[in-house]
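The chains referred to below are lettered A, B, ... by the order of the sequence lines, with proteins before strands, and numbering in each begins at 1. What you are looking at is a predicted structure, and each value in this text was computed from that prediction instead of being measured.
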Amino acid sequence: MVEQISIIDAKEHVNEQVKIGAWLTDKRSSGKIAFLQLRDGTAYFQGVLVKSAVSEEIFQLAKELHQEASLWIYGEIHQDTRSKFGYEIEISNLELVGESHDYPITPKEHGVDFLMDHRHLWLRSTRPHAILKIRNEVIRATYQFYNDREFTKIDAPILTGSAPEGTTELFHTEYFGRDAYLSQSGQLYEEAGAMAFGKVFSFGPTFRAEESKTRRHLIEFWMIEPEMAFMHQEESLKIQEEYVAYLVQNVLDHCDYELDVLGRDKEVLRRYTKLPYNRITYDEAIKMLQKGGLDADWGLDFGSPEETYLADQFEQPVFVLNYPKAIKPFYMKPHPTRDDVVICADLLAPEGYGEIIGGSERATDYNYLLAQIRAAGLDPKEYEWYLDLRKYGSVPHSGFGLGLERAIVWICGIDHVREAIPFPRLLNRIYP
RNA sequence: UGUCCAGUAGUUCAGCGGUAGAAUACCGGUCUGUUAAACCGUAGGUCGUUGGUUCGAACCCAACCUGGACAGCCA
């Protein structure tokens with residue numbers, strides 16, 4: 001019995017007979033030699049089939065294989081500089097496991113719509129594979145970061161009875177005869193969790209029924225929302241920048257090959273691992289924009305061009321602090337000396353990627369919060385449980401939310417969030 | 001939702017008023033180190049839909065459908 005190995009481990013089996021389960025990504029053959037390009041999900045390399053070294057039937061079988069046929073490959077691993085991977089397998093035998101005819105995705109170029117229609121197959125190609133490997137690394141590093149810091153993962157519900165941010169653009173559904181909505185944010189639940197566990201985070205899907213079709217929007221996306229009790233905004237900002245730098249560092253450490261596939265400049269990424277990140281206030285940001293000739297009036301929220309301009313002024317991500325109260329949600333802590341701003345921060349990523357984190361210190365005073373809920377036109381009865389958190393041992397606490405796909409496109413240097421999730425839900429796409 | 005752009009072979013595109021084209025994939029053949037392999041050959045199409053203008057429409061006009069980029073909104 002020969003040992004079954006993964007392609008990624010080939011270098012540990014040089015000159016050994018092995019067995020590999022693989023798919024055929026491409027094939028080049030001549031009369032007496034054939035090169036089978038193979039992938040098994042862990043890596044890509046080639047198998048070499050020499051006619052004189054195998055039976056007539058095996059060589060004939062190889063000639064008849066098509067793109068994405070699945071195979072059992074038997075042979076000997078060789079180190080070979082003529083192979084891009086550095087190693088290849090000299091095939092002595094192969095078994096066809098599953099045939100494949102007219103595989104739609106060819107080595108040539110394709111349009112976005114065509115590829116998205118075939119997303120279930122496109123995942124096999126090198127670029128999506130690299131991006132989703134980096135996504136996996138970001139997820140892995142996220143769990144490690146928070147677990148290393150004694151955070152407890154508290155899962156927020158996906159079905160909710162009220163609108164957390166009190167807006168429209170919620171997905172409506174029915175819950176045994178009552179109205180229900182798909183979660184837009186787990187934050188309020190995380191605040192409850194923080195009062196029970198100290199430091200918590202959620203990591204789950206989020207749904208926004210926004211009719212937006214830009215490179216920065218998904219209908220269904222994943223969000224990481226930490227929430228920390230007995231913590232003011234300044235300490236929260238430190239955790240945010242440490243977390244983001246940690247993500248970048250771990251992708252650099254563990255996804256070197258994937259970054260190469262994507263052509264990502266690693267020197268640029270290394271800049272993002274240096275702390276601290278820049279901090280400017282909203283007031284300063286407005287002045288910078290005006291100085292830059294952009295049309296920015298105090299009190300308005302930033303659009304995409306404004307975010308890009310601000311981020312371009314720095315080599316690293318930049319925090320924009322303390323936005324006007326009027327354009328931020330009801331739960332943010334009011335500024336101690338100013339009535340017009342709240343204690344919050346957005347983290348803007350460089351290179352035009354815009355906001356990847358939004359966070360704030362939370363309001364702690366029962367009466368203030370109740371007034372804010374009423375002022376926002378929300379029903380205080382729906383928020384009774386949330387108000388309870390201020391009734392029974394209210395403490396300073398802060399939290400933030402990071403959009404997973406936005407962080408991924410930025411780290412990968414790719415231009416659309418639809419490629420940062422396995423099966424994107426877009427304005428006009430819910431298939432496959 | 002608005003503005004702009006685009007829908008022609010399985011795919012990526014050219015053609016822009018006068019018999020529907022290329023590359024690639026598929027199919028058949030040649031080739032012992034290929035890297036998007038090369039070479040020869042075959043086959044492949046209601047030109048997004050509907051209506052209009054015209055002797056004649058893939059091409060001009062209108063509406064609609066589908067997709068993309070940007071914007072708003074946001075993570």
Novice: Produce the list of close N/O pairs, under 3.5 Å, pairing protein atoms with atoms of nucleotides 64-68 of chain B; give distances to one decimal.
Specialist:
unit_1 : atom_1 : unit_2 : atom_2 : d
B/rG67 : OP1    : A/N428 : O      : 3.4

Novice: Less than 3.5 Å apart, any donor N or O on the side chain of A/Y74 or A/E95 sitting next to an acceptor on the other?
Specialist: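 Indeed, the side chains of A/Y74 and A/E95 share at least one donor-acceptor pair under 3.5 Å.
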
Novice: Identify the heavy atoms of A/I421 and A/L132 that sit nearest to each other, and give their distance.
Specialist: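 That closest heavy-atom pairing would be C-CD2, 4.0 Å.
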
Novice: Just the rounded figure in Å: distance from P of B/rG29 to NZ of A/K63.
Specialist: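 It works out to 7 Å between those atoms.
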
Novice: Students often get this wrong, so: under 4.0 angstrom with heavy atoms, is A/E211 touching a base, only sugar-phosphate, or nothing?
Specialist: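 Answer is base: heavy atoms of A/E211 come under 4.0 Å of a base.
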
Novice: Atom CZ of A/R215 and atom P of B/rG72: how far apart are they, to the nearest Å?
Specialist: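 Computing the A/R215:CZ to B/rG72:P distance gives 13 Å.
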
Novice: Within the sub-3.5 Å range, which N or O atoms of nucleotides 20-27 of chain B have a protein N or O partner, and how far apart are they?
Specialist:
unit_1 : atom_1 : unit_2 : atom_2 : d
B/rC27 : OP1    : A/H66  : NE2    : 2.2

Novice: Expressed as a whole number of angstroms, how long is the span from A/R425:CZ to B/rC74:P?
Specialist: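 Taking atom P of B/rC74 as the reference, CZ of A/R425 is at 25 Å.
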
Novice: Figure out the CG/P separation between A/L294 and B/rA71, and round it to whole Å.
Specialist: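 Interatomic distance, CG of A/L294 to P of B/rA71: 13 Å.
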
Novice: Only one of A/E241, A/E351, A/E315 passes side-chain hydrogen bond (donor to acceptor under 3.5 Å, both in side chains) with A/Y272; say which it is.
Specialist: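 Result: among A/E241, A/E351, A/E315, A/E351 is the only option passing the side-chain hydrogen bond (donor to acceptor under 3.5 Å, both in side chains) with A/Y272.
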
Novice: Would you name the heavy atoms of A/V409 and A/H416 that are closest together and state the gap between them?
Specialist: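 Nearest pair, atom of A/V409 first, then A/H416: CG1-O, 3.5 Å.
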
Novice: Does B/rA38 have a Watson-Crick or wobble mate here (both distances under 3.5 Å), and if so which one?
Specialist: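 Paired with B/rU30.
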
Novice: When you measure from the centre of the six-membered ring of A/F423, is the NZ or CZ of A/R425 closer than 6.0 Å and no more than 45° off the axis?
Specialist: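 Verdict for A/F423: no cation-pi partner in A/R425.
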
Novice: Of the nucleotides B/rG33, B/rA75, B/rG72, which one has an atom closest to the side chain of A/S304?
Specialist: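 For the A/S304 side chain, the nearest candidate turns out to be B/rG72.
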
Novice: Using the P atom as the reference point in each nucleotide, state the distance between B/rG52 and B/rA58 in Å, no decimals.
Specialist: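 Straight-line distance between the two P atoms is 15 Å.
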
Novice: Expressed in angstrom and rounded to an integer, what is the separation of A/F85 atom CZ from B/rG33 atom C1'?
Specialist: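 A/F85 atom CZ is separated from B/rG33 atom C1' by 19 Å.
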
Novice: Roughly how many Å apart are B/rC16 and B/rU24, using the C1' atom of each and rounding to a whole number?
Specialist: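 So the two C1' atoms sit 24 Å from each other.
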
Novice: So what's B/rA57 paired with, Watson-Crick or G-U wobble, going by both distances under 3.5 Å?
Specialist: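 Partner of B/rA57: none found under 3.5 Å.
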
Novice: Decide yes or no on side-chain contact (heavy atoms from CB on, under 4.5 Å) for A/Y44 and A/K84, but give the supporting numbers first.
Specialist: CA-CA 9 Å; A/Y44 302 78; A/K84 272 182 184 166; over 6 Å; no

Novice: B/rC64 and B/rG17: how far apart are their C1' atoms, nearest whole angstrom?
Specialist: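 24 Å, rounded to whole Å.
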
Novice: For residues A/A192 and A/W385, report the shortest heavy-atom separation together with the two atoms involved.
Specialist: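 That closest heavy-atom pairing would be CB-CZ3, 4.1 Å.
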
Novice: Roughly how far apart, to the nearest Å, are B/rA22 and B/rC61 at atom C1'?
Specialist: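 After rounding to an integer number of Å, I get 30 Å for this pair.
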
Novice: With nearest nucleotides of RNA chain B determined for A/H110 and A/K32 from heavy-atom distances, which residue corresponds to the more 5′ nucleotide?
Specialist: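 The 5'-side residue here is A/H110.
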
Novice: Choosing from B/rC74, B/rA71, B/rG33, which nucleotide comes nearest the side chain of A/R82?
Specialist: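 The answer is B/rG33.
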
Novice: For A/S29, report the nucleic acid contact type (base, sugar-phosphate, nothing); a contact means any heavy atom under 4.0 Å.
Specialist: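 A/S29: base contact, heavy atoms under 4.0 Å.
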
Novice: Answer syn or anti for B/rU46, where the cut-off is 90° from 0 on the glycosidic torsion.
Specialist: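 That one's syn.
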
Novice: For A/G354, which contact category applies under a 4.0 Å heavy-atom criterion: base, sugar-phosphate, or nothing?
Specialist: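 The residue A/G354 makes no contact with any strand.
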
Novice: Between A/K287 and A/E284, is there a side-chain N and carboxylate O pair less than 4.0 Å apart?
Specialist: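 The answer is no: the pair does not qualify as a salt bridge.
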
Novice: Is there, by distance only and without an angle test, a donor paired with an acceptor across the side chain of A/Q46 and the base of B/rU34 below 3.5 Å?
Specialist: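 Yes.
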
Novice: To the closest 0.5 Å, what do you measure between CG (A/D295) and CG (A/L300)?
Specialist: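 A/D295 CG to A/L300 CG: 8.5 Å, rounded to 0.5 Å.
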
Novice: How would you label the contact of A/D80 with the nucleic acid (heavy atoms, under 4.0 Å): base, sugar-phosphate, or nothing?
Specialist: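 Contact class for A/D80: base.
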
Novice: In whole angstrom, give the distance that lies between atom OH of A/Y323 and atom P of B/rC74.
Specialist: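 After rounding, the gap between these two atoms is 11 Å.
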
Novice: In whole Å, what is the span from the CD1 atom of A/I219 to the P atom of B/rU1?
Specialist: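 Rounded to the whole Å, the gap is 12 Å.
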
Novice: How would you label the contact of A/L218 with the nucleic acid (heavy atoms, under 4.0 Å): base, sugar-phosphate, or nothing?
Specialist: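 The answer is base, as A/L218 lies within the cut-off (heavy atoms under 4.0 Å) of a base atom.
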
Novice: Do the ring centers of A/F302 and A/Y282 come within less than 6.0 Å of each other?
Specialist: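 Yes; A/Y282 has its ring centre under 6.0 Å from that of A/F302.
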
Novice: If I pick the P atom on B/rG72 and the same atom on B/rC60, what distance separates them, to the nearest angstrom?
Specialist: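 Between the two P atoms, the distance is 33 Å.
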
Novice: Heavy-atom count check: over 12 atoms from other residues, nucleotides or ligands less than 6.0 Å from A/E99 CD?
Specialist: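 Not buried by this count: 12 neighbours or fewer within 6.0 Å.
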
Novice: For B/rC74, does either OP1 or OP2 sit under 4.0 Å from a side-chain N or O belonging to A/S212?
Specialist: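 No, A/S212 has no side-chain N/O under 4.0 Å of OP1/OP2 on B/rC74.
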
Novice: Is there a donor N/O on one and an acceptor N/O on the other, under 3.5 Å, for the side chain of A/R216 and the base of B/rC73?
Specialist: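 Answer no: no donor N or O sits under 3.5 Å from an acceptor.
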
Novice: Check A/Q290 against A/A296 and note the closest heavy-atom contact, atom names and distance.
Specialist: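 Distance-wise, the nearest heavy atoms are NE2-O, 2.7 Å.
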
Novice: Could you check which nucleotide pairs with B/rA23 in any of the strands shown, counting Watson-Crick or G-U wobble with both distances under 3.5 Å?
Specialist: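 For B/rA23, the partner nucleotide comes out as B/rU11, under the 3.5 Å rule.
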
Novice: Between the base of B/rG33 and the ring of A/F35 - centre-to-centre under 5.5 Å, planes within under 30° - is that a stack?
Specialist: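 One would not call A/F35 stacked on the B/rG33 base.
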
Novice: For B/rG72, does the base pair up with any side-chain atom of A/E210 as donor and acceptor (N or O, under 3.5 Å, distance only)?
Specialist: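 Side chain to base: no pair below 3.5 Å.
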
Novice: Expressed as a whole number of Å, how far does the C1' atom of B/rA38 sit from that of B/rU54?
Specialist: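 Rounded to whole Å, the distance is 49 Å.
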
Novice: State whether A/R271 and A/D265 are salt-bridged, where the test is any N-O pair (Lys NZ or Arg NE/NH1/NH2 against Asp/Glu carboxylate O) under 4.0 Å.
Specialist: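 Not counted as a salt bridge, because no side-chain N and carboxylate O are separated by less than 4.0 Å.
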
Novice: Determine the interatomic distance between C1' on B/rG45 and the same-named atom on B/rU53; round to the nearest Å.
Specialist: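 Result for the C1' pair: 26 Å, nearest Å.
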
Novice: What interatomic distance, in whole Å, is found between P of B/rA71 and the corresponding atom of B/rC47?
Specialist: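 B/rC47 and B/rA71 have their P atoms separated by 37 Å.
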
Novice: Quick check on RNA chain B: between A/V50 and A/G111, whose nearest nucleotide comes earlier from the 5' end?
Specialist: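 In this pair, the answer is A/G111.
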
Novice: Grab the CD-C1' distance between A/E90 and B/rU34 for me, whole Å please.
Specialist: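 So the two atoms are 15 Å apart, to the nearest Å.
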
Novice: Considering every strand shown, what is the Watson-Crick or G-U wobble mate of B/rU46 when both distances are under 3.5 Å?
Specialist: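 Answer to the pairing question: none, since B/rU46 forms no Watson-Crick or G-U pair.
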
Novice: Could you tell me which nucleotide pairs with B/rU3 by Watson-Crick or G-U wobble geometry, both distances under 3.5 Å, or answer none if nothing does?
Specialist: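 Partner of B/rU3: B/rA69.
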
